[in-house]
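Every heavy atom of this structure was used, including side-chain atoms; hydrogens, water molecules and symmetry mates were not. What you see is a predicted model, and the numbers here were worked out from it, not measured in a lab. Lettering of chains follows the sequences in order, A, B, ..., and the numbering in each one begins at 1.
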There are 2 protein chains.
Amino acid sequence: MEIYNLILKNINKHITLTREEEEHFISILTYKEIPKRTTILAEGQICNQLSYIHSGALRSYCLDEGGKESTIMFAMADWWLTDMYCFLNEKPSMTFIETIEDSIVFNLSKNNFDHLFTAIPGFERFFRILMQNAYTREQLRTIENLTLKAEERYYRFLNKYPQMAGKVTQKQIASYLGITPEFLSGIRKKQLRRE
Amino acid sequence: MEIYNLILKNINKHITLTREEEEHFISILTYKEIPKRTTILAEGQICNQLSYIHSGALRSYCLDEGGKESTIMFAMADWWLTDMYCFLNEKPSMTFIETIEDSIVFNLSKNNFDHLFTAIPGFERFFRILMQNAYTREQLRTIENLTLKAEERYYRFLNKYPQMAGKVTQKQIASYLGITPEFLSGIRKKQLRRE
DNA sequence: AAATTATCTTAAGGTAGTTTAAGTTATTCT
DNA sequence: AGAATAACTTAAACTACCTTAAGATAATTT
């Protein structure tokens, strides 16, 4: 099937599958078309799906006691997304996941995820590399949060995710950077004056 | 060898090795005794070792342009530690790693790490799970840094790493929390007054 | 044991980021 | 298209956290 070329290419970056393995893998995915601004995972639900984003864009975030949002990550086409801790440990989700625009995702259930490793051991390697990348990316974010001021973090964000910057609201960017929308507005004004 | 029981138990939590596999794995480790306050990795060096900490405690940190330290992680007995990004990509290290106390570590070189996966494919699974845990831990830290005030982060740190709290200086704790030692001192004073 | 050096504390003054509130501009819904 | 809702901006007052500097305490070196 044509539409699965993208995800197969994603996997082929790290491991090689036989024709049968590819077919098996695709057979355990569930195809979902999701309109924009749809919540596909809410806090408290059991998170039993790992989503590959075929097209579109999504966002995961959490709420603190006061109702303040923090964006955990933005995810676009060809990325994987879930509440990883809760997916792996089958705990009620601590996060929300919603579409930013109309999206097509392929879901892999926790059950199929677990069995995939016995059916096709090569996937251990694939997900090892995926987790490595996620870990090192997350660690870099920690360091940037600790060492940089909001203004510098904002410019690095624009630089790292230029496609995202156009799709998401500034409120969402602010909540990713850990600042208020008002403060971000000030940063942007400063930039405009310079141009 | 008696001394390798701890690391084998660590690995056995996630995968099962045959006797020969255990022996092969141990044979590629290099044993190191390191006195306290020794830098085992400096910024700019190629980081080609992944360290398992048999005993003792270590810390990894980075320096910004102004020379300000940020502690990336504290690591104690039975933990794995390296500059993961630079280890995996064979880049010059962006971080420093130093012993906090006299330590014994077993080093796995990048070369042996790479070959380990073909020699004993089960290690793909082991390191997948290791990376998963590192990733989800790091993501939790990001969220806490974004949503919590320094005081609350300090108490969670004490709670999560009670053994560490006694071993490291407050300057180091402050640099892990992303605050100045002076500000941490103020937080501690507040706590003392309450008791 | 003394001297040196690093850590920890205290306090005053400064800056980065927040809060609240009001007004403006987009989006979404009917 | 008009009404409703959410996003974005502006500004003033506030708070969390930083900077600098000095003195006290602890650890390390000689």
Side-chain angles (χ1 to χ4, degrees), chain A residues 35-39 59 61 63-71 74 96 98-102 144-158 164-195, chain B residues 35-39 57 59 61 63-71 96 98-102 144-158 164-195:
Chain A
K36 74 170 146 183
R37 223 150 310 173
T38 307
T39 296
R59 177 177 81 105
Y61 64 95
L63 295 179
D64 69 8
E65 323 80 53
K68 201 184 75 179
E69 272 186 25
S70 295
T71 293
F74 296 108
F96 296 81
E98 64 174 20
T99 48
I100 290 168
E101 52 187 23
D102 291 349
E144 290 186 349
N145 281 341
L146 291 182
T147 56
L148 303 177
K149 298 218 187 299
E151 189 171 358
E152 178 66 17
R153 283 180 353 243
Y154 174 58
Y155 292 126
R156 295 209 184 185
F157 171 78
L158 292 183
M164 251 5 244
K167 291 179 184 174
V168 303
T169 66
Q170 286 170 219
K171 192 183 159 190
Q172 290 169 346
I173 295 179
S175 90
Y176 178 85
L177 298 173
I179 58 178
T180 57
E182 292 83 358
F183 192 64
L184 178 56
S185 183
I187 290 172
R188 286 162 52 82
K189 191 168 121 194
K190 228 164 108 182
Q191 180 191 24
L192 282 176
R193 272 205 307 264
R194 269 203 295 266
E195 290 169 357
Chain B
K36 75 170 145 185
R37 222 149 311 174
T38 306
T39 296
R59 178 177 80 104
Y61 64 95
L63 296 179
D64 69 9
E65 324 80 53
K68 201 184 76 179
E69 272 185 25
S70 296
T71 294
F96 296 81
E98 65 175 18
T99 48
I100 289 168
E101 50 185 30
D102 292 348
E144 290 186 350
N145 282 340
L146 292 182
T147 56
L148 302 178
K149 297 215 187 305
E151 189 171 358
E152 178 64 18
R153 288 189 335 254
Y154 175 57
Y155 293 127
R156 295 210 183 182
F157 172 79
L158 292 183
M164 250 6 240
K167 291 178 183 175
V168 304
T169 66
Q170 283 169 224
K171 193 182 158 192
Q172 291 168 344
I173 296 178
S175 90
Y176 178 86
L177 297 174
I179 58 177
T180 58
E182 292 83 357
F183 192 66
L184 177 56
S185 184
I187 290 172
R188 286 162 52 82
K189 192 168 120 193
K190 228 164 109 182
Q191 179 191 25
L192 283 176
R193 272 203 307 264
R194 270 203 295 263
E195 291 170 354

Using atom types as modelled and distance alone, determine if a side-chain donor or acceptor of A/Gln172 lies under 3.5 Å from a backbone N or O of A/Thr169. yes
Give me the distances for all protein-to-nucleotides 26-29 of chain D N/O pairs that come in under 3.5 Å?
from, atom 1, to, atom 2, distance (Å)
D/dT28, OP1, B/Arg37, NH1, 2.7
D/dT28, OP1, B/Arg37, NH2, 2.7

Which residues pass the side-chain contact (heavy atoms from CB on, under 4.5 Å) test with B/Asp102, not counting sequence neighbours? B/Pro35, B/Lys36
In whole angstroms, how far is the P atom of C/dT15 from the CD atom of A/Glu152? 20 Å
Nucleotide D/dA11, atom P - distance to CG of A/Leu184 in whole Å: 17 Å
What is the distance, to the nearest angstrom, from the CG atom on A/Leu148 to the C1' atom on C/dT15? 17 Å
B/Arg59 and B/Tyr176: side chain donor to acceptor below 3.5 Å: no
Between B/Ser70 (side chain) and B/Ser175 (backbone), is there a donor-acceptor pair under 3.5 Å? no
Look at all strands and tell whether A/Gly178 reaches a base, only sugar-phosphate, or nothing, counting heavy atoms closer than 4.0 Å. sugar-phosphate
Begin from the C-alpha positions of B/Glu152 and B/Thr147 and carry the test side chain to side chain contact (heavy atoms under 4.5 Å, CB included) through to its verdict. CA-CA 10 Å; B/Glu152 178 64 18; B/Thr147 56; over 6 Å; no
Touch check for A/Glu151, heavy atoms < 4.0 angstrom, all strands: base, sugar-phosphate only, or nothing? nothing
In whole angstrom, give the distance that lies between atom NZ of B/Lys149 and atom C1' of D/dT15. 8 Å
Rounded to whole Å, NZ of B/Lys171 lies from C1' of C/dC8 at a distance of 11 Å
